[in-house]
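I have placed the structure first, in the form of C-alpha cells, so that the comments after it can refer back to it.
Position 1 is the first residue of the sequence, and the numbers go up from there.
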Amino acid sequence: MVATMAASRRFRDLLTLRLTVPTHLGLNLSLRPMGSSAQVEASRAAGSEAPHHNYESLRVTAAQKHILHVQLNRPEKRNAMNKAFWSEMVECFNKISQDADCRAVVISGAGKMFTAGIDLMDMASTILQPEGDDVARISWNLRNIIAKYQETFSVIEKCPKPVIAAIHGGCIGGGVDLITACDIRYCAQDAYFQVKEVDVGLAADVGTLQRLPRVIGSQSLVNELAFTARKMMADEALSSGLVSRVFPDKEVMLDAAFALAAEISSKSPVAVQGTKVNLLYSRDHSVAEGLNYMTAWNMGMLQTQDIMKSVQAAMEKKELKSVTFSKL
C-alpha cells in the first residue's frame, strides 16, 4: 500500500511538472486541427438503428462509436413538425442524456431541407382550439401547451452531450428554435434561415427570441429578422455567427459534422460534458457566479482518472482516441 501511494505521488509530481513547464520543452497540450484521419473515420447518414429509439417523426442511428445521428424524418412533408414531433424530441433527448455510451449528437434533416417548421395543418386544432370554458381556462390550457412545446427544444440544450446541428436547405420557423438550442451549427451553402412566425400572425414562442440574441450578439439583426421574416442566407449566417462553418453541399457538411463529433467523442466525457454544463450556466449568470459554480463543480470532477489518462497519452505522444475512458 505504501509503495502504491508513493508511486501515485511520483506520478502526480511528474504530472504537475509537465503541466507547468513551457510547451517548447516537450509537452504541447494545444488543440490540433482535425486531420484527414478523423475525417476518414467520420460516418455519415448511414448507421444502424439505435436501440430504444423508435419514432414516427425522427430516425435515430448509431453513426459510429459514441455518436448518435438524429434525423428529422418526414421528408415528404419537408420535415414539418407535427404533433408526434413535439413529444418525440423530448423522449429522444431524455434518453440520450441518460445514454452512457453517447458522447456527441448530430441533428440533420432527411430529404431536400432541414425543416419547414411547424406543420400548421396537423397542429391547427391544438393551437387554435384549446379546451376551456372561458378565457381564463382557455389561457391556462394554452399556457401548458406552449410550455410543453418549449421543452421540445430546451431538452436539447439541457442534454449534457454536445449537439451539432447540420443544416441544409430551409431552416424555417421552429427550425430556428431548434438549432439555437444546439451547441454547434454547420450549414451547407444552400441553407437559409427564417424566423417565420410573424408571417402567420404570432410571435415566436419556443426559444428563438430568447436564444438567437445570445447566439449572434446583434439585437438589431435579431429584430430585423424577427420583424420581417426575411431569409438569412448561408454567408450571412456565417458572418453573423449563427453558424461556424459553411460547406459546398449536404454531403460535405455531414462528413464535417461527423468528423467534429468524432473529435469531441475522443475526449474525456467528464471534461466535455462538464464544459457544456458550465458554459450554459455562465451564459445566464454573472462572471462571479459562474466562477463560484465552476469551483463547486471541479472540486469533485478534478478527481477523475480521465486527467491522468489524457496527460499520460499526451506525454507518450498518443492520440486521445487510443485512450479508453469509462462511461459517464
Side-chain angles (χ1 to χ4, degrees), residues 45 57-60 68-75 78-81 85-86 88-90 92-93 96 104-119 149-159 161-197 204-218 221-222 225-226 229-247 250 253-254 256-258 260-261 264 276 279-280 283:
S57 65
L58 306 172
R59 180 172 183 247
V60 183
L68 290 179
H69 183 192
V70 177
Q71 280 184 295
L72 311 186
N73 194 36
R74 300 182 72 218
R78 300 189 300 166
N79 297 321
M81 300 169 176
F85 168 85
W86 298 93
E88 288 180 346
M89 281 291 283
V90 176
C92 175
F93 273 89
I96 290 173
V105 183
V106 173
I107 297 182
S108 72
K112 296 182 178 181
M113 68 189 305
F114 186 74
T115 179
I118 191 171
D119 188 334
Y149 290 169
Q150 289 175 345
E151 182 63 15
T152 299
F153 303 124
S154 293
V155 74
I156 299 172
E157 188 173 75
K158 291 187 287 189
C159 175
K161 321 301 170 70
V163 181
I164 303 161
I167 305 124
H168 75 289
C171 178
I172 301 168
V176 179
D177 295 290
L178 190 162
I179 66 167
T180 52
C182 296
D183 302 295
I184 298 168
R185 289 163 292 277
Y186 282 0
C187 79
Q189 189 65 55
D190 69 349
Y192 64 89
F193 306 84
Q194 277 186 285
V195 184
K196 187 70 172 172
E197 283 80 357
D205 57 3
V206 289
T208 289
L209 302 185
Q210 292 70 39
R211 295 189 177 100
L212 187 59
R214 297 172 184 270
V215 170
I216 65 179
S218 169
L221 180 56
V222 170
L225 296 170
R230 76 163 174 84
K231 292 181 180 179
M232 172 188 271
M233 308 309 288
D235 290 341
E236 186 182 4
L238 178 63
S239 64
S240 70
L242 179 59
V243 301
S244 50
R245 295 183 70 183
V246 177
F247 299 88
K250 180 181 179 181
M253 173 193 64
L254 284 173
F258 283 110
L260 176 63
I264 291 170
K276 176 170 179 175
L279 281 171
L280 286 170
R283 181 196 67 183

Atom of [X], atom of [Y] and distance for their closest heavy-atom approach:
X	Y	result
V106	A261	CG2-CB, 4.0 Å
R185	C182	NH1-O, 3.0 Å
A204	L209	O-CD1, 3.3 Å
C159	I96	SG-CG2, 3.9 Å
I184	S244	CG2-OG, 3.9 Å
C92	L58	CB-CD1, 4.1 Å

Side chains of [X] and [Y] in contact at under 4.5 Å (non-hydrogen atoms):
X	Y	result
M113	Y192	yes
F193	L225	no
K161	L68	no
R211	E157	yes
F93	V105	yes
S57	M81	no

May I have the step-by-step check of side-chain contact (heavy atoms from CB on, under 4.5 Å) for V206 and T152, ending in yes or no? CA-CA 8 Å; V206 289; T152 299; over 6 Å; no
Do any N or O atoms from the side chain of [X] and from the backbone of [Y] form a donor-acceptor pair under 3.5 angstrom?
X	Y	result
H168	A191	no
Q189	V246	no
K158	E151	no
Q194	A229	yes
K250	A188	no
T208	D177	yes
N73	A110	no

Look up atom [atom1] in [X] and atom [atom2] in [Y], then write down how far apart they are to the nearest 0.5 Å.
X	Y	atom1	atom2	result
F114	L72	CZ	CG	5.0 Å
T180	Q210	OG1	CD	9.0 Å
Y186	I179	OH	CD1	14.5 Å
K112	D190	NZ	CG	12.0 Å
L260	I164	CG	CD1	4.0 Å
I107	T115	CD1	OG1	11.5 Å

Angle between ring planes, F153 versus W86, binned at 30° and 60°: parallel, tilted or perpendicular? perpendicular
